[in-house]
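Quick note: residue numbers are just sequence positions, from 1.
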Amino acid sequence: MHRTLRNLALTASFIACATPAFSTETKGRIRNATAAEIRAHLNEGSQETTTDRSGYTYRKGSKRGYKISTGKICIRFENKQTDCADIKTDGSKFHMITGDGTRSRF
């Protein structure tokens, strides 16, 4: 399971860059990011993507897919295994929290 969580954190870099975690001044205003906010943050519209029947989106040439919902992003790996992380925002900065509690900038 820890390997999967590590893979999720690494895979998030294929979507966005991971940088330092929450700052103390934004913790009080953190909320679940909406699906629309996550998609806009990822600049998804500028990518050539396809979505399968299960709702996973794949970027052209990638065998890793992702599914976005309010406050969450799930990654489907090449072996069809999936893992999810919570996406929080203060309205300008986005943060990813994996199942083991690891927090990083998204």
Side-chain angles (χ1 to χ4, degrees):
M1 184 67 167
H2 292 290
R3 181 178 170 187
T4 301
L5 293 174
R6 275 185 261 135
N7 283 341
L8 177 62
L10 292 172
T11 302
S13 67
F14 106 94
I15 297 172
C17 295
T19 57
F22 290 108
S23 63
T24 55
E25 65 271 7
T26 62
K27 281 186 180 178
R29 297 174 293 194
I30 297 295
R31 61 176 172 75
N32 284 333
T34 66
E37 286 175 318
I38 297 168
R39 290 183 189 287
H41 181 70
L42 295 175
N43 200 15
E44 188 178 60
S46 69
Q47 305 292 320
E48 189 173 336
T49 61
T50 184
T51 302
D52 68 11
R53 287 183 181 169
S54 65
Y56 280 87
T57 300
Y58 296 84
R59 290 188 176 173
K60 185 177 181 176
S62 179
K63 294 183 180 186
R64 294 181 197 158
Y66 60 93
K67 185 188 287 187
I68 296 170
S69 59
T70 297
K72 191 169 291 297
I73 187 165
C74 295
I75 305 296
R76 177 180 278 171
F77 300 96
E78 293 90 347
N79 65 3
K80 304 297 182 197
Q81 186 175 2
T82 62
D83 205 356
C84 300
D86 294 328
I87 305 297
K88 306 288 185 180
T89 187
D90 64 0
S92 62
K93 296 176 186 167
F94 289 79
H95 308 276
M96 179 176 71
I97 306 168
T98 61
D100 69 353
T102 301
R103 298 170 184 242
S104 60
R105 190 74 68 79
F106 178 76

If I compare all heavy atoms of R76 with all of S54, which pair ends up nearest, and what's the gap? NH1-OG, 3.3 Å

Non-neighbouring partners of D86 that pass side chain to side chain contact (heavy atoms under 4.5 Å, CB included), sequence neighbours left out: K72, K88, I97

OG1 of T49 to OH of Y66: how many Å apart, nearest 0.5 Å? 5.5 Å

K63 versus Y58, closest heavy-atom pair with distance: O-CE2, 3.7 Å

Among all residues two or more places apart in sequence or in another chain, which pass the side chain to side chain contact (heavy atoms under 4.5 Å, CB included) test with N79? F77, Q81

What closest approach, in Å, do A35 and S69 show between heavy atoms, and which atom pair accounts for it? CB-C, 4.0 Å

One should read off an interatomic distance between S62 OG and E78 CD, to the nearest 0.5 angstrom, of 7.0 Å

I75 and Y56 have their tightest heavy-atom pair at C-CE2, 4.2 Å

With rounding to the nearest 0.5 angstrom, report the SG to NZ distance, C74 to K67. 7.0 Å

Once rounded to the nearest 0.5 Å, what's the spacing between atom CD1 of I30 and atom OG1 of T89? 6.5 Å

Which atom pair, heavy atoms only, marks the closest approach of F106 to I38? CE2-CG2, 4.3 Å

Polar contact flag, side-chain donor to acceptor under 3.5 angstrom, T50-D52: no

Side chain to side chain donor-acceptor pair (under 3.5 Å) involving T57 - partner list, sequence neighbours excluded: T51

Do the charged groups of E48 and R59 touch, with an N to O distance under 4.0 Å? no

Value for CZ (R31) from OG1 (T70), rounded to nearest 0.5 Å, stands at 10.0 Å

Could you measure the distance from the CG atom of L42 to the CD1 atom of I73? Nearest 0.5 Å is fine. 5.5 Å

